[in-house]
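Below you'll find the structure, written out as structure tokens, and then a few comments.
Reminder, nothing fancy here: chain letters follow the sequence lines and each chain counts from 1. Quick caveat: nothing in here was measured; it's all calculated off a predicted structure.
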Amino acid sequence: MGMENIPTTYDPAQVEEKWYRHWEEKGFFHAPVDEGKKPYCIVMPPPNVTGQLHMGHALDNAIQDTLIRWRRMQGFNTLWLPGTDHAGIATQAKVEESLAAEGLSRNVLGRDKFLERVWAWKERYGGRITAQLRRLGSSCDWQRERFTMDEGCSRAVREVFVRLFEQGLIYRDYYITNWCPHCHTTISDIEVEHEETAGHLYYLRYPAAGHPPQGGSGWIEVATTRPETILGDVAVAVHPDDERYRSMVGTTVILPLVGRELPVIADEYVDPAFGTGAVKITPAHDPNDFEVGRRHNLPQIKVMGEDAAMNSDTGPYSGLDRYECRKRIVRDLRDGGYLVRIEDITHSVGQCYRCNTVIEPALSRQWFVRMKPLAEPATLAALKGQVTFIPERFTRIYLNWMENIRDWCISRQLWWGHRIPVWYCAECGEMTAAVTQPDRCRCGSTGLEQDPDVLDTWFSSGLWPFSTLGWPCQTAELAYFYPTSVLVTGRDIIFFWVARMIFLGLAFQGEVPFPSVFIHGLVLDPLGRKMSKSLGNGVDPIDVIESHGADSLRFMLLTGNTPGNDIRFNFERLEGARNFANKLWNASRFVLMNLEGYSPGEETAPPILADRWILNSFNDTVRNVTQSLEAFELGEAVRLAYEFIRGEYCDWYIELAKPRLYGADPLDRALARRVLVQVLRGTLELLHPFMPFITEEIWQHLPGAGPTVMLAPWPACDPELSDPEARAKMDLIQEVTRVIRHLRTEVNVPPGKKVNVLIGADDYQLAVLEEGSEIIASLAQAVPAFSRGTPERPEQSVQAVAGVGVTVVLPLKGVLDVDKEKARIQQEQARLRDDMARTRGKLANEAFLAKAPPAVVEKEKGKAAEMAAKLEALTERLALLG
RNA sequence: GGUGGCUUAGCUCAGCGGGAGAGCGCCUGCCUUACAAGCAGGAUGUCGUAGGUUCAAUCCCUACAGCCACCACCA
């Protein structure tokens with residue numbers, strides 16, 4: 001390979017596509033079942049099938065790909081299972097929009113034709129996001145790609161529905177649900193976003209019917225934010241203990257404008273301190289009123305239709321939009337003398353999470369999942385540690401939600417989705433739930449009609465960890481890969497998705513779908529705002545890949561933040577990442593340029609200090625990176641690798657190698673080359689999970705490369721390479737080098753000019769520095785000489801002599817006083833021994849072992865081991881000091 | 001109303017019981033035969049406030065303040 005052809009700047013565009021194609025074509029992503037190997041599996045959170053990649057996806061997938069690539073190199077049989085979601089409301093809305101542009105609507109087309117259009121839409125845009133995921137470098141098993149509405153997943157959906165139905169865990173009921181007047185469907189509680197909104201509180205006076213009771217005022221005053229709903233009022237409620245209204249309970253009042261007589265009832269729900277302490281009750285249009293209505297057996301009067309326009313039962317208001325009606329009602333109430341006053345108020349108003357339309361609570365017949373029996377095992381699983389959230393605080397959030405969970409409304413008045421597998425008999429009215437369409441009803445009638453509604457999108461994604469592995473068939477994949485190893489997702493969908501996968505996994509597989517849930521934050525814009533279409537502040541990952549490369553994007557997203565925390569998109573850091581890739585590129589160029597005639601097996605001299613030092617450092621890095629990955633600290637892992645490459649390999653080792661490469665000793669030259677290559681190769685392997693493309697490109701250029709770095713064994717920590725002595729010596733040599741460099745600038749010695757240096761040191765240091773004198777000479781442009789002991793009045797010597805530009809007399813700060821240093825170490829050792837005794841005592845204490853959770857015991861053990869290691873290091877250090 | 005998070009160098013953020021750090025920016029000097037997307041050197045911090053625990057606290061505990069997020073049925 002001619003290195004002259006390797007350009008001095010790294011160009012991602014030249015290599016990314018090439019390698020991705022290579023990997024995919026060679027089948028490196030594919031994971032067949034192999035009982036001889038340990039499985040490691042992640043199911044990808046399925047993005048919207050017709051969506052486009054955004055930064056959230058980029059972060060999510062960068063994390064997953066890093067974990068997957070790392071485990072794959074560790075020798076696990078690694079399956080990253082990709083797929084897409086049909087995204088009911090979102091996709092249907094998009095297609096409806098495009099129809100509207102043609103002057104069409106879904107109702108004009110009819111259900112079948114409309115669905116054809118959606119499928120065509122899916123065909124057209126369905127490949128876009130998966131192509132974009134490839135550009136990120138995602139090493140998923142595309143041969144196993146799934147879609148929530150493919151045959152297998154649909155089968156699983158029907159199976160789950162029918163089984164839950166048969167267990168009585170799915171029921172159909174008239175209930176008040178969140179109606180989106182724009183999307184024309186019910187949505188579940190978590191799909192409603194509450195926003196603080198400025199509104200008005202209208203105080204209205206309802207006159208008493210007949211003669212006012214003794215002591216009464218002749219009317220009752222209620223407060224409402226939605227005056228148009230008075231048309232559906234059926235009662236006025238007060239708190240049972242409220243003295244002000246006690247005499248009125250049981251009497252009736254007249255509903256203004258309508259004239260209906262309403263009973264005054266007592267119910268604990270009313271807060272006497274709010275408004276007037278009297279509440280108008282509208283069971284068909286408010287969830288609380290609905291409950292009150294049920295308790296008191298009140299009628300439910302609907303006053304609005306699907307568009308949230310007033311219905312035909314509202315007389316003069318019929319046909320008016322709800323807000324238009326509000327204005328009219330207020331005017332009419334004022335004219336009639338019923339309006340007492342209007343107050344400004346800010347209150348939280350529910351909006352549809354898709355279209356931001358204000359939700360109208362509405363009464364309708366819907367399907368629900370009974371949550372209590374499903375939530376209990378899911379709660380227990382988290383309490384018992386069968387599912388662990390990373391970071392841990394999300395466990396509480398999850399538990400909190402699970403414990404207060406309400407029944408899940410799963411029916412949607414949409415067409416795009418899994419149609420509810422229930423058929424109604426025209427003859428007897430019987431409902432039949434079935435996996436496949438039944439021929440006839442139990443009564444014998446063939447007049448069956450399927451429920452028109454479809455299921456909530458999250459119903460099918462909730463089955464994702466097992467439906468994608470073949471369930472309900474007991475496939476080899478299911479047995480082998482379930483439960484999966486970890487779930488990686490954003491904290492915004494813990495409720496929507498994670499919780500549902502957990503309880504459905506427990507219900508149908510008897511096991512949690514994953515032992516760990518790794519939660520990451522949102523990617524915010526550079527100013528810390530959420531990226532959104534309406535703000536137009538989104539950054540397109542594909543643009544970034546094109547300008548800076550996928551590796552840089554991944555590096556930027558993975559560094560400098562911690563699990564669960566939001567991350568700001570930051571162009572400076574992106575450039576930093578690109579610069580780092582370039583640094584890596586050039587360091588590699590340097591190595592490759594110096595390999596002319598190199599053969600891996602050639603004879604070398606025994607390692608010298610510099611080699612021992614870099615190998616020790618590399619070994620430490622391997623250990624620390626691996627440990628960080630095991631703790632899901634990806635940012636820390638990549639930072640460690642970064643610091644090793646920049647701070648040690650590039651800044652020092654390469655510089656140390658230069659004179660050796662150009663020198664006369666062939667054995668030493670061979671040694672330097674060998675170590676340069678060995679460490680570079682290992683570093684590329686460590687970095688590969690984070691920056692797959694550039695590492696593959698360089699790795700392939702190294703002598704003895706295999707088919708792919710993807711399948712190279714993950715670097716192992718090698719006790720043979722551990723060499724604290726070399727580290728200690730190099731620390732001293734580096735310190736001296738830095739001090740000389742500093743003094744050179746202080747006294748303005750021109751860069752190329754050599755200086756004579758006189759260094760005072762103790763015996764131990766003298767030995768070390770003499771060993772390192774060549775290093776100091778070349779890296780500090782100095783001619784070092786050493787003297788025993790501290791030079792007198794060192795600073796003055798520096799000034800006086802350096803002014804001439806020839807000799808620098810150098811004191812070594814701090815390290816000179818060996819006795820002091822020894823004392824310090826001994827003191828620390830004593831403290832460590834103390835701590836260790838305490839920890840060991842704890843670990844020997846049976847009461848502690850019995851009571852403490854396993855995690856705590858493990859932590860204590862870890863601490864003990866850590867202290868032992870520290871102690872050992874200190875002992876070595878002490879020995880070095882003589 | 002409830003819960004959680006954040007507050008560390010000019011900016012963006014790591015760290016987290018015994019040395020206060022990185023990147024960018026800034027200052028000085030360098031195109032030194034891998035890299036100016038670079039090299040060498042440098043300046044910069046009462047680690048939000050007040051208490052407490054500890055031999056030792058930026059890190060643990062308590063309270064407070066400011067910002068942010070989530071949850072909640074305020075009519």
Rounded P spacing from B:C68 to B:U8 in Å: 15 Å
N/O (side chain, A:Arg744) to phosphate O (OP1/OP2, B:G29) under 4.0 Å: no
From B:A72, B:A75, B:A34, nucleotide with atom closest to A:Ser348 side chain: B:A72
Heavy atoms of other groups near A:Glu774 CD, more than 12 under 6.0 Å: no
Nearest-Å distance once atom P is located in both B:C61 and B:U53: 15 Å
Watson-Crick or G-U wobble mate for B:G19, both contacts under 3.5 Å: none
Sugar-phosphate, base or nothing in reach of A:Gly277, heavy atoms under 4.0 Å: base
Atom-pair distance (OH on A:Tyr10; C1' on B:A36), nearest Å: 21 Å
From B:C39, B:C35, B:A75, nucleotide with atom closest to A:Arg646 side chain: B:C39
Distance below 4.0 Å between A:Lys658 side-chain N/O and B:A34 OP1 or OP2: yes
A:Arg741 charged N/C atom sitting above A:Trp652 aromatic ring, 6.0 Å / 45°: yes
Passing candidate, side-chain contact (heavy atoms from CB on, under 4.5 Å) with A:Leu204, options A:Ile329, A:Val340, A:Leu339: A:Leu339
Among B:G23, B:A34, B:A14, the nucleotide that comes nearest once only the side chain of A:Asn565 is considered: B:A14
Interatomic distance at P, B:G66 relative to B:G52, whole Å: 24 Å
Span that lies between the P atom of B:G42 and that of B:C13, in whole angstrom: 28 Å
Atom P, compared across B:A40 and B:A14: separation rounded to whole Å: 27 Å
Nearest-nucleotide pick for A:Asn582, side chain only, options being B:A75, B:C35, B:G23: B:C35
5' precedence on RNA chain B between A:Gly560 and A:Glu643 (nearest-nucleotide basis): A:Gly560
Separation of B:G23 P from A:Asn570 CG (nearest whole Å): 14 Å
Parallel, tilted or perpendicular: rings of A:Phe518 and A:Phe632 (30°, 60°): parallel
Trace of the side-chain hydrogen bond (donor to acceptor under 3.5 Å, both in side chains) decision for A:Glu193 with A:Tyr353: CA-CA 6 Å; A:Glu193 285 176 353; A:Tyr353 82 127; over 6 Å; no
Pairing partner (Watson-Crick or G-U wobble, both distances under 3.5 angstrom) of B:G25: none
N-O pairing of A:Glu655 and A:Lys658 below 4.0 Å: yes
Opposite nucleotide pairing with B:C60, Watson-Crick or G-U, both atom distances under 3.5 Å: B:G52
Distance, C1' atom - from B:C39 to B:U32, rounded to whole angstrom: 8 Å
Side-chain H-bond candidate by donor/acceptor type, A:His200 with A:Asp344, under 3.5 Å: yes
B:C68 OP1/OP2 closer than 4.0 Å to side-chain N/O of A:Arg491: no
C1' atoms of B:C74 and B:U46, separation to the nearest Å: 44 Å
Touch class at under 4.0 angstrom, heavy-atom based, for A:Arg738 against every strand present: sugar-phosphate
Mate of B:U44 where both pairing distances stay under 3.5 Å, Watson-Crick or G-U: none
Nucleotide forming a Watson-Crick or wobble pair with B:A72, both distances under 3.5 Å: none
Toward the 5' end of RNA chain B, by each residue's nearest nucleotide, A:Cys650 or A:Gly275: A:Cys650
Residues A:Arg491, A:Asp566: salt bridge by 4.0 Å N-O rule: yes
Cationic N near anionic O, under 4.0 Å, A:Arg727 to A:Glu648: yes
Touch class at under 4.0 angstrom, heavy-atom based, for A:Arg529 against every strand present: nothing
Complement of B:A9, any strand, by Watson-Crick or G-U distances under 3.5 angstrom: none
Distance below 4.0 Å between A:His742 side-chain N/O and B:A40 OP1 or OP2: no
Pair assignment for B:A34, Watson-Crick or G-U wobble, requiring both distances under 3.5 Å: none
Side chain A:Arg639, main chain A:Gly560, donor-acceptor under 3.5 Å: no
Below 4.0 Å: OP1/OP2 of B:C71 and any side-chain N or O of A:His194: no
P-based separation of B:C24 from B:G38 [nearest Å]: 7 Å
Sugar-phosphate, base or nothing in reach of A:Asp651, heavy atoms under 4.0 Å: sugar-phosphate
Contacting residues from residues 571-580 of chain A, given that a heavy atom lies under 4.0 angstrom of RNA chain B: A:Glu572, A:Arg578, A:Asn579
Residue-phosphate contact under 4.0 Å: A:Lys530 side-chain N/O, B:A69 OP1/OP2: no
Sugar-phosphate only, base, or nothing, as touched by A:Asp289 at under 4.0 Å among non-hydrogen atoms: nothing
Neighbours of RNA chain B within residues 388-405 of chain A, by heavy-atom distance under 4.0 Å: A:Arg393, A:Arg396
Selected nucleotide, minimal atom distance to A:Lys583 side chain, candidates B:C70, B:G38, B:A75: B:G38
A:Arg646 atom CZ: more than 12 heavy-atom contacts under 6.0 Å: yes
Aromatic plane relationship, A:Tyr653 with A:Tyr649 - under 30° parallel, 30 to 60° tilted, over 60° perpendicular: parallel
Geometric class of the A:Phe368/A:Tyr175 ring pair [parallel <30°, tilted 30-60°, perpendicular >60°]: perpendicular
Check: A:Glu655 side chain, B:A34 base, donor-acceptor under 3.5 Å: yes
Under-4.0 Å side-chain N/O to phosphate OP1/OP2 contact, A:Thr562 with B:A14: yes
Sugar-phosphate only, base, or nothing, as touched by A:Glu193 at under 4.0 Å among non-hydrogen atoms: nothing
